[in-house]
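Inspection log for the structure reproduced underneath, given as structure tokens.
In each ligand, atom 1 is the first atom listed, and ligand 1 is the first ligand listed. As the structure is a computational prediction, the values presented were derived from the model and not from experiment.
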Amino acid sequence: MAGVNFPFVIGNWKMNLTPYESETVAKKIVAGLPPEGLPIEIGICPSYPAMERVQRVIAKTSITLGSQNMFWKEDGSYTGEVSVRMLKDMGCHYVIIGHSERRIHLRETDYEVNKKIRLALQYGLVPILCVGEKFEERQDGKRDVVIMEEVANALKGVDKFSQLIIAYEPVWVIGRGEAIEPNEACSAIGLIRYTLKDIYPQKTIDDKIKLLYGGSIDDKNITDFVDNEEINGVLVGGSSLKPEVYIGMINNLAKHVS
Ligand code: 13P
């Protein structure tokens, strides 16, 4: 059962599994979770071609479907793109927007990120905005300015929403196998909250915006992060592809929060 203050565990499967493999992993995750609801919001973001199969597997569970991306126009001649209406039709609830891998490999800009967020919200999808600094930016002491600019640019003109998720993912920690210290994640997330204060009333931030950490989270370190009041959950890459690890993360967190 979904609850307003449950921590989030959202898996981003990236471009890793075929539809068949995705279905198999989803089935294992479903089979490994207790039948009764957990005090956790669980999401899975498979690739586009796998969405329908995964949705069928998770349909009667408390796991929610998300997308890894969407296009910033509603419809039209945009060969190869996937629209927000298509995602709604597939049963998506979340959509990851502005992941660093898209910013780096597909040159996605803050301008496009902003357009996508606005369109996602218009159609009732919950955006998961990803922000975070690259290693060189961190070395140059630019962590804070990168985070603040990415948040402010992404949210220009974004005023009506029932829920918005922002994930702090330091780019250099993604896939590294070793997370940053939880207090460092808290400081970055604190900075995001501080940036949001220039844009929204405190009540909107407290009630409607959830802040996640992402980067080398696994079943061993998840509780160290979600233990902190600042952090409302995690966005998980590699560990979400391994059913036993993903289930372990969720179960460890459930023991911790209940
Ligand atoms: P890893 O958990 O593999 O570091 O990936 C994090 C991520 O990019 C989630 O979006």
Side-chain angles (χ1 to χ4, degrees), residues 7-17 21-22 25-26 29 40-48 50-51 54 63-70 87 92-106 108 113 116-117 120 125-135 137-138 143 146-147 150-151 154 164-182 184-186 188-189 192 210-226 231-250 252-253:
F8 289 77
V9 180
I10 300 186
N12 173 9
W13 286 358
K14 309 191 179 184
M15 196 184 73
N16 285 298
L17 306 172
E21 289 161 351
S22 301
V25 170
I29 291 172
I40 298 176
E41 300 264 357
I42 307 169
I44 293 179
C45 305
S47 63
Y48 294 137
M51 257 179 200
V54 171
I63 305 175
T64 313
L65 189 71
S67 173
Q68 299 173 20
N69 180 39
M70 57 173 261
L87 297 183
C92 273
H93 178 70
Y94 304 109
V95 55
I96 298 174
I97 294 180
H99 193 281
S100 59
E101 285 149 15
R102 296 195 58 81
R103 294 180 191 257
I104 293 167
H105 303 297
L106 295 142
E108 197 162 287
V113 166
K116 290 181 182 192
I117 291 184
L125 284 183
V126 175
I128 304 173
L129 163 67
C130 295
V131 300
E133 81 287 358
K134 298 194 192 82
F135 187 69
E137 291 167 336
R138 178 189 179 79
R143 181 197 81 160
V146 168
I147 295 173
E150 284 184 347
V151 170
L164 182 65
I165 300 176
I166 305 177
Y168 169 60
E169 297 205 313
V171 178
W172 50 284
V173 184
I174 293 176
R176 185 173 78 155
E178 195 189 331
I180 53 174
E181 289 300 319
E184 229 188 300
C186 287
I189 287 176
I192 296 175
K210 301 292 172 194
L211 293 163
L212 315 186
Y213 165 76
S216 296
I217 286 287
D218 59 28
D219 48 348
K220 296 185 186 65
N221 62 17
I222 184 167
T223 52
D224 300 340
F225 284 84
V226 184
I231 304 179
N232 305 128
V234 287
L235 184 57
V236 190
S239 297
S240 68
L241 296 165
K242 302 176 196 133
E244 66 290 356
V245 180
Y246 201 55
I247 293 163
M249 294 174 77
I250 290 164
N252 288 348
L253 188 58

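Residue Val236 has no nitrogen or oxygen atom sitting less than 3.5 Å from a nitrogen or oxygen atom of ligand 1, judged on distance alone. Of the polar atoms of Arg176, none of the N or O atoms is found under 3.5 Å from an N or O of ligand 1, judged by distance alone. Considering backbone and side-chain N/O of Ser239, none are found under 3.5 Å from N/O of ligand 1. For Gly175, a nitrogen or oxygen atom sits less than 3.5 Å from a nitrogen or oxygen atom of ligand 1, counting backbone and side chain alike. Below 3.5 Å of separation, one finds an N or O of Gly237 facing an N or O of ligand 1.
Shown here for Ala185 and Tyr213, the closest heavy-atom pair between the two residues is CB-CD1, 3.7 Å.
Which parts of ligand 1 touch His99 is read off a 4.0 Å heavy-atom cut-off, strictly below it: atoms 7 (C), 8 (O), 9 (C), 10 (O).
Here the side chains of Tyr168 and Leu211 are not in contact, with every heavy-atom distance at 4.5 Å or above. Residues His99 and Ile174 are in side-chain contact: their nearest non-hydrogen atoms beyond the backbone lie under 4.5 Å apart.
Of all the heavy atoms of Glu169, the ones lying under 4.0 Å from any atom of ligand 1 belong exclusively to the side chain. At a heavy-atom distance under 4.0 Å, only side-chain atoms of Asn12, from C-beta outward, approach ligand 1.
A salt bridge is defined here as a Lys NZ or Arg NE, NH1 or NH2 lying under 4.0 Å from an Asp or Glu carboxylate O, and Glu108 with Arg102 meets this definition. Taking a cutoff of 4.0 Å between a charged side-chain nitrogen and a carboxylate oxygen, Glu150 and Arg103 qualify as a salt bridge.
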